[in-house]
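Keep in mind it's a predicted model, so treat the numbers as computed, not measured.
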Amino acid sequence: MEKKVVLVTGSSRGIGRGIIIEFAKNGYDVVINYNHSFNDAYSLKELVEKDYNVKSLVVQCDISNENEVIDMVKDIINEFGHIDVLVNNAAIEECTEFRDKDKNSFERIIGTNLIGSFLVSREVSKYMLEKKKG
């Protein structure tokens with residue numbers, strides 16, 4: 001029987017890391033997405049493969065970049081053949097007071113937290129709809 005595959009964006013640290021571990025505990029193959037935290041992503045890969053005997057794929061992708069998202073999803077499909085679950089976890093916040101935020105800061109936040117979730121959902125849904133599951 002084919003294992004289910006989960007993609008969790010922003011999963012190298014924090015809440016995303018915890019989500020990956022829970023899915024791995026439940027026998028899912030996991031896709032660990034990161035943007036900057038290379039070492040954290042690969043230490044999580046090592047942990048889930050050793051402790052939970054699942055297959056994992058680490059993918060660096062800035063989810064606010066449409067081309068990177070398209071490539072990430074293609075890489076996952078090439079590796080596993082399907083994606084069963086998507087968790088849009090990636091988010092950023094710049095710790096400045098609202099009155100001190102500039103337009104570029106706000107655009108980075110919107111790019112990741114809103115547009116990034118849209119882009120990943122759009123690309124993953126293409127494969128889910130084709131398979132009629134997910």
Side-chain angles (χ1 to χ4, degrees):
M1 184 173 149
E2 182 175 75
K3 281 190 178 181
K4 291 194 176 193
V5 176
V6 60
L7 163 60
V8 181
T9 63
S11 54
S12 62
R13 303 181 293 130
I15 293 169
R17 177 184 172 89
I19 295 169
I20 286 286
I21 290 169
E22 287 302 312
F23 273 101
K25 282 181 185 176
N26 286 285
Y28 283 70
D29 287 333
V30 297
V31 180
I32 302 162
N33 161 250
Y34 76 98
N35 191 16
H36 301 294
S37 302
F38 175 91
N39 291 336
D40 293 331
Y42 279 92
S43 73
L44 179 57
K45 174 184 177 60
E46 185 178 306
L47 179 130
V48 297
E49 288 180 352
K50 179 179 165 271
D51 290 359
Y52 306 110
N53 195 32
V54 297
K55 187 173 177 183
S56 67
L57 175 67
V58 174
V59 183
Q60 190 280 329
C61 174
D62 174 355
I63 65 163
S64 69
N65 181 305
E66 185 171 25
N67 290 329
E68 287 186 26
V69 170
I70 291 167
D71 290 343
M72 173 180 68
V73 173
K74 283 181 183 175
D75 289 346
I76 296 165
I77 296 301
N78 286 338
E79 181 71 23
F80 294 107
H82 57 102
I83 301 170
D84 299 288
V85 178
L86 167 62
V87 179
N88 278 309
N89 173 72
I92 62 170
E93 174 54 85
E94 297 184 6
C95 295
T96 57
E97 291 197 31
F98 182 75
R99 67 176 179 244
D100 297 330
K101 287 194 188 309
D102 61 22
K103 181 178 176 279
N104 291 333
S105 169
F106 187 68
E107 286 176 344
R108 281 190 300 276
I109 292 166
I110 294 298
T112 298
N113 299 1
L114 183 61
I115 295 170
S117 292
F118 159 75
L119 292 172
V120 178
S121 296
R122 182 191 69 194
E123 292 306 307
V124 169
S125 72
K126 291 175 184 178
Y127 294 95
M128 289 180 172
L129 290 168
E130 181 181 301
K131 297 254 183 197
K132 296 186 167 111
K133 67 177 190 170

[X] side-chain N/O to [Y] backbone N/O, donor-acceptor pair under 3.5 Å:
X     : Y      : answer
Asp84 : Gly134 : no
Ser11 : Asn33  : yes
Lys55 : Phe80  : no

Pair listing, side chain to side chain donor-acceptor pair (under 3.5 Å) test, anchored in residues 124-134, at least two apart: Glu123-Lys126
Side chain to side chain donor-acceptor pair (under 3.5 Å) pairs, two or more places apart, involving residues 13-30: Arg13-Ser37, Glu22-Lys25
Least distance between heavy atoms, Ile63 atom then Thr112 atom: CD1-O, 3.6 Å
Minimum heavy-atom distance Asn113-Ile92, with the two atoms named: OD1-N, 2.7 Å
Test of understanding: clusters of I, L, V, M, F, W, Y form through side-chain heavy atoms closer than 4.5 Å, transitively. Do [X] and [Y] belong to the same one?
X      : Y      : answer
Ile32  : Val6   : yes
Val5   : Val120 : yes
Val124 : Ile70  : no
Val87  : Val69  : no
Met72  : Met128 : yes

With rounding to the nearest 0.5 Å, note down the distance linking [atom1] in [X] to [atom2] in [Y].
X      : Y      : atom1 : atom2 : answer
Phe23  : Lys3   : CZ    : NZ    : 14.0 Å
Ser64  : Ile109 : OG    : CD1   : 12.0 Å
Asp51  : Ile21  : CG    : CD1   : 8.5 Å
Ile77  : Ile83  : CD1   : CD1   : 4.0 Å
His36  : Gln60  : NE2   : CD    : 8.0 Å
Ile115 : Asn65  : CD1   : CG    : 11.5 Å

Pair Ser121, Asn88: side-chain N/O donor-acceptor within cut-off below 3.5 Å: yes
Sub-4.5 Å side-chain heavy-atom contact between Asn104 and Glu107: yes
Set of salt bridge (charged side-chain N to carboxylate O under 4.0 Å, His left out) partners for Lys4, sequence neighbours left out: none
Pairing residues for Glu49 by the salt bridge (charged side-chain N to carboxylate O under 4.0 Å, His left out) criterion, not counting sequence neighbours: Lys45
Test side-chain contact (heavy atoms from CB on, under 4.5 Å) applied to Ser12 and Asn35, Leu44, Asp40, the passing residue: Asp40
Atom CD1 of Ile15: over 12 foreign heavy atoms under 6.0 Å: no
Asp102 CG: over 12 foreign heavy atoms closer than 6.0 Å: yes
Carboxylate-amine/guanidinium proximity below 4.0 Å for Glu46 and Lys50: no
Contacts of type ring-ring contact (aromatic ring centres under 6.0 Å, His included), residue Tyr42, not counting sequence neighbours: Phe38
Pairs satisfying salt bridge (charged side-chain N to carboxylate O under 4.0 Å, His left out), at least one member in residues 110-120, at least two apart: none
